[in-house]
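Here is the structure we will look at, set down as C-alpha cells.
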Amino acid sequence: MTDARTNPGPPESKDYWDLVFGQLRRRTSYKLGLGLLTLLYGVAVFAPFLANDLPLVFEGTRYDQYRSAQRLVPLISNDLISKARQGELGFSEWRAAEDAKRSTLSDGELEAWLDRQADAPQDLRGWLGVDRRSLELRLVTMRRQLAIEHVATLDTLAEAADALVNAAVSADSAALEAQAAALQVSADAVRSSLRAAKYGAEPEAGRSVPLQAYRSHPVLESLGLLEVAFMALWCVLASLPLWGRFVDKLWLGGSRSRIRAARRPKLIAVLLVPPIAAALFAAVVGVSDTELETTTLKQALSDGKAEAVELLFPPLAYGMPEQNQTETFRPPTWTRAAEKDAEGYYTTEGGSARVDPATGIPVRGNPVIVREGEAELNAGTRHMLGTDSLGRDMLTRMVWGARISLSVGLVSTVLLVLIGILIGSIAGYFGGWVDSVLSRVIEIFQCFPVFFLILIVVSFLGPSILNIMLAIGLFRWTGVARLVRGEFIRLRNQEFVVASEALGVPSRRTIFRQMLPNAMGPVLVAATFAVASGILTESALSFLGFGVQLPVPSWGSLLVESRNPEYWWIQVFPGVAIFVTVMLYNLVGEAVRDALDPRLKEA
Amino acid sequence: MVPTMIGITLLVFLVMQLAPGDPAALASAGDMSSGSAPASAGQSDTQSAYDKFRERFHLDDPLHVQYFAWLGNLATLDFGVEFHDPSQSVSEELLRRLRITVPLALLSSLLSYLIAIPLGVFSAVRRGSLADKLSTAFVFLLYSLPTFWVGLMLILAFGATGFDWFPVIGLQGKDAADFSAWGKFVDIAWHCVLPIATMTYGGVAYLSRQMRAGMLETLRQDYVRTATAKGLSKRAVIYKHALRNSLIPVITIFASLLPILVGGSVLIESIFNIPGMGLYAFEGLLVRDYPVVMATVTFSAVMTLLGFLLSDVLYALVDPRIKHD
C-alpha cells in the first residue's frame, strides 16, 4: 500500500463501496428517497417537539401547582415529625408490615411489590428520606414562584427538616423535639401566611403573597435520556452529507486511502455522540421526575388556574393521549362536513340534530371545548386529519405512532439480517453436509405461508411489540441466508480466501473479516426491502387484531380504530403513511440494487 | 422432497406446542357455556368432559407419540376433527373452503397475467419513452401498496358509503336462494369483483416488472439482433422471437404464485368475509382450534413445495435447452 501523504502516485484505486456510493450519489431517486426517509425518522424522533400538550416555552405563574404544594407542605411536615418521633422502631414496624403484605399478594401484584422493594428504603434515614424528598419537590414548586423575602421561610423549613432527620437518626431525643417544634413553626407559617394572592388582587399582608412569573421549557424538561440520545444520533446522521464531505475534503485531504482508513474512527465517533449528548442533557437540564403535574399545564391555562406571560406551543398543541369528549369522530377540519356551530352541532346537519328523532324533544347542544394553544373551533388546522372515538387528534397520534411503526421495521430487520448472515455464511463457507442440512432448513421455512406463521406465533405469545419483532425476525431470515450462502460459495475459492486460510487465520475471522464485507452488497438490498416488509407485516397484524398494545399506537393499530366507512379519515390517513414509507424504502432499495448490479442499470 | 416434507410437519407440530393454555379446558368450558350440558351438573361433569376431551385428542400421550399419530393420519389425508365441533371433519371442511379459495386464486392469477404481460412488453419495447416511465412509476406505486389497505379503500370507494357499485361482504346476496341459475352467477360475480381486484393488483405489479426486465434482457440477445438484421418487421421480431423467449421465466413464476395466493388469502378473505381457506385458518386461530390451524398451515406448505416442483418441471417443458444441461 502506498502512503498517500508522501507519494500521491497514480490515481488511487476505488474499492467496492467507493464504486457503489459513487453510483448512488448520481441517482435522484436514491437521494430523494433517503432524504424523505430521514425526514420521516426526524418526525418520529422529534415527536415531543412537534405534537405535545406541553408548551415549548412557558413564562408565567401556576396557581394550581403552588396551591397544591402550599397545602401539602404542612401535612408532609407533620408526617415527617411523627415518623421521626417513632425512630428505629417505626422503621422496623413499617418493614414488617411491608413483608407481611407479601404473603397476601397474587402473582401479578407480587411483581409490582418486588419492583417497589427494589428501591425501598433500607434504613431509618432512607425511610425518612422518602418524606424529605417529597417535601423538597413541593418546596421547589413554591420557591420558583415566590419573591426573595418569602423564600426565607421555606429555607428555614428545609433546614429544620434536615436537622430533624439527623436528630432522629442519631436518636438524640432532646434535639429531635427542638427541631420538631421548629419545623412545626415553619409549617404553620407556610400554612397561614404564604397563600397565593388571587391573580390581579392585592395580597393581604401576613396572609397571602403575590406569585411571581417563572420561566420554563416543559417539553425539554419532559424528555427522557433515550429520547435525547436518539435525537443526537439523528442530527449526526442527517447532517452526514455536510460534515462527511467537509471531513473528507479538508481534514483527510481527499485521499481515498486515508478516507478508507478513517471509516472505522468515523463510525466510532458517530456512535459516541448519543451517549455524550445524553450525559450532557442529564447534567444541564436534569432528568425530570420532579415535575408535579396535578393537571396538565394546558388544562390549567384553559381553566384559569395558570397565567402565562409568554407561551409557545408545538405546531400541534395536542398530547398523544389527550382526549376531548366534545369532538369525537370529527372529520378533518378543512372539510365542510366538519364545520360546527357554537353549540357543537355540525352545520351540515342543519336543524335535524337539534331534535331527538324519537321523542321530538329538543336536545341540548354539546359545545366544543377549545383549550389553550389549540386552533379555533372551525380553523382548517384544528384537526387536519380528524379525530378518533375519544376525540384524540389523529395527526398527533400518527406523529407519535411513527416511532412504533418505524422501529418495528428497523429492529426486525436487524434481527433477520443477523440470523440470515450467521446461517448463510456457515452453510456457504463449510459446504458439505453442513450446507445440505442448512439448505434443507431454509427450504422448509420457504415453503410456509410466512405471514400466517408469524400470525400464529404472535397470537400464541401474546401481541406485544417485542413478540412481533421476534416473530418477523425468526421467520423472515431465509432470503438473506440464501443470498449470503450464494455469495460465500462464489467467494470460497477466490485467492484472498485461500490465502487467508493458508496463513492459518481462524475460520471465524476469515468469515466475518475477509469474506463478509465482500458479500454485504446483496444483503444491504435485501435489508432495505425487509424494513418495508416489516412495516407492512406489523400493520397487517394490527389490522387483524394482533398488533401492539401500547399507550403509543402504531399506524396499523390507528387504522383499525374504526371499520365504519363513515369515519373514512381513520382508515385513509394511517394507510397513506404506511404506503409512503414502504414506497420510500422500495425506492431506496431499488436504487441500491441497481448501483450494485451494473448489468441491471440499463434496464 | 421427503426430508423437506418431514421438516414441514415437524415445524408445524413444534410451533403448535407454543400454544398457551389447555385446549381441553377451553373446549370443555365452551361445551358448558353453549348449554350442551345442564348448568346444574356442576364440577364433576366439567371434569369428565375435560378428561374425555383429553382422551379423545390423545393430549396425555408423550409428544413424540402424538407427533407420529398425527403424521400417520396426515399420510391418509386425515386432518382429524374440529375441537369445537367434533362431528365436523377438518378435511371435508377444508375441501369445501378450497372450492372457494382456489377458483378465486386461479381467476386472479389469470387476470394478473392477462394484464401484466401486455403491460410489461409495451413498457420494454418503448423503453425510455414517457409512456414507459409513467407505467413503470404506476407499477412501482402499486407494488408498495399494503394489500389490506387497498381492500379497505376499495370498500370505502365502491361500497355502500361510496359509489355503492359492489357489495362488500361475502360471496352471495341475502336472498341468493331465490335467484335463478343465471341470477346466482351474476350475484356471485358481482360479489367477486372487489376481492379479485385486491388479489390481482399485487400480481400485476410483480409480474409486469418481471416481464419488462425479461423482455429487455431478451431484446439485447444476438438472435433478436439477427432477426432485425435479416429484415423482419418489428412486429414479427417482438412477438415471434423476443416475446416467446421472455415468457419462459414469467410462466414458471405461476407455479410459485398460486400457493402464495392461496396462503396469503387470510387478509383478503377476512376483509371481505369470504368463507375460504384463509378465513377458515384465521377463525381456527381465533378460537384456538388447533387441528384446523395445523391442517391449513401444513396444507399450504405442502402445496408450496409441490409448486416449486411444478415450477422446475414447467421450466424443463417450456425450455428444451434445460434438459441438455
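A, B, ... follow the sequence lines: proteins, then strands. Residue 1 opens every chain.
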**Asked** Between A:F448 and B:L11, does a side-chain contact (heavy atoms from CB on, under 4.5 Å) hold up when you go through it step by step?
**Response** CA-CA 10 Å; A:F448 279 100; B:L11 187 63; 3.2 Å; yes
**Asked** Measuring heavy-atom distances to chain B, does A:V580 have an atom under 4.5 Å in its side chain, in its backbone, in both, or in neither?
**Response** neither
**Message:** I'd like to know which of A:L584, A:L544, A:L461 tops the heavy-atom pair count under 4.5 Å against chain B.
**Reply:** A:L544
**Item:** B:A124 versus chain A, the contacting section by heavy-atom distance below 4.5 Å
**Value:** neither
**Request:** Classify the ring geometry between B:W149 and A:F579 as parallel (under 30°), tilted (30 to 60°) or perpendicular (over 60°).
**Result:** parallel
**Asked** So which part of B:T147 gets closer than 4.5 Å to some heavy atom of chain A, the side chain, the backbone, both or neither?
**Response** neither
**Request:** Check the pair A:W568, B:M153 against side-chain contact (heavy atoms from CB on, under 4.5 Å), reporting the backbone distance first and the verdict last.
**Result:** CA-CA 9 Å; A:W568 53 271; B:M153 291 301 101; over 6 Å; no
**Item:** Residues in residues 585-592 of chain A near chain B [non-hydrogen atoms, under 4.5 Å]
**Value:** A:N586, A:L587, A:E590
**Request:** Decide if atom OH of B:Y206 counts as having more than 12 heavy atoms of other residues, nucleotides or ligands within a radius under 6.0 Å.
**Result:** no
**Request:** Please flag which part of A:L453 lies under 4.5 Å from any non-hydrogen atom of chain B: side chain, backbone, both or neither.
**Result:** side chain
**Request:** List the steps, then state whether side-chain contact (heavy atoms from CB on, under 4.5 Å) holds for A:E443 with B:L305.
**Result:** CA-CA 9 Å; A:E443 202 179 294; B:L305 191 61; 4.1 Å; yes
**Prompt:** When only pairs under 4.5 Å are counted, which of B:F282, B:Y143, B:F148 shares the most heavy-atom pairs with chain A?
**Reply:** B:F148
**Prompt:** What residue in A:V576, A:V582, A:I444, A:V441 has the most heavy-atom pairs under 4.5 Å with chain B?
**Reply:** A:I444
**Request:** Heavy atoms only: give me the nearest A:F452-B:V266 pair and the separation to one decimal.
**Result:** CD1-CG2, 3.8 Å
**Request:** With a 4.5 angstrom heavy-atom cut-off, could you sort out which part of B:M16 is near chain A: side chain, backbone, both or neither?
**Result:** both
**Asked** Looking only at heavy atoms, which two atoms of B:L267 and A:F451 are closest? And how far apart?
**Response** CG-CE2, 4.0 Å
**Asked** Which heavy-atom pair separates A:P449 from B:A301 by the least distance, and what is that distance?
**Response** CD-N, 4.4 Å
**Message:** Rounded to the nearest 0.5 Å, what separates atom CG in B:L141 from atom CE in A:M583?
**Reply:** 6.0 Å
**Prompt:** Quick one: does A:R563's side chain get under 4.5 Å of B:I271's, heavy atoms only?
**Reply:** yes
**Request:** Name the option with the most non-hydrogen atom pairs under 4.5 Å to chain A; the candidates are B:T298, B:V297, B:T136.
**Result:** B:V297
**Request:** Report, as yes or no, whether the 6.0 Å neighbourhood of atom CZ on A:R482 holds more than 12 heavy atoms from other residues, nucleotides or ligands.
**Result:** no
**Message:** Are there over 12 heavy-atom neighbours, none belonging to B:R126, within less than 6.0 Å of that residue's CZ?
**Reply:** no
**Prompt:** Under a 4.5 Å heavy-atom cutoff, which of A:I535, A:L536, A:V572 has the most pairs with chain B?
**Reply:** A:V572
**Prompt:** Relative to chain A, which segment of B:L156 carries a heavy atom at a distance below 4.5 Å: side chain, backbone, both, or neither?
**Reply:** side chain
**Prompt:** Say you draw a straight line from CE of B:M303 to SG of A:C447; how long is it, rounded to the nearest 0.5 Å?
**Reply:** 12.0 Å
**Prompt:** Side-chain contact, heavy-atom cut-off 4.5 Å: B:T304 with A:Q446?
**Reply:** no
**Asked** Which heavy-atom pair separates A:I578 from B:P146 by the least distance, and what is that distance?
**Response** CG2-CG, 3.8 Å
**Request:** Carefully, step by step, assess A:F546 and B:L286 under the rule side-chain contact (heavy atoms from CB on, under 4.5 Å).
**Result:** CA-CA 10 Å; A:F546 292 98; B:L286 282 182; 3.7 Å; yes
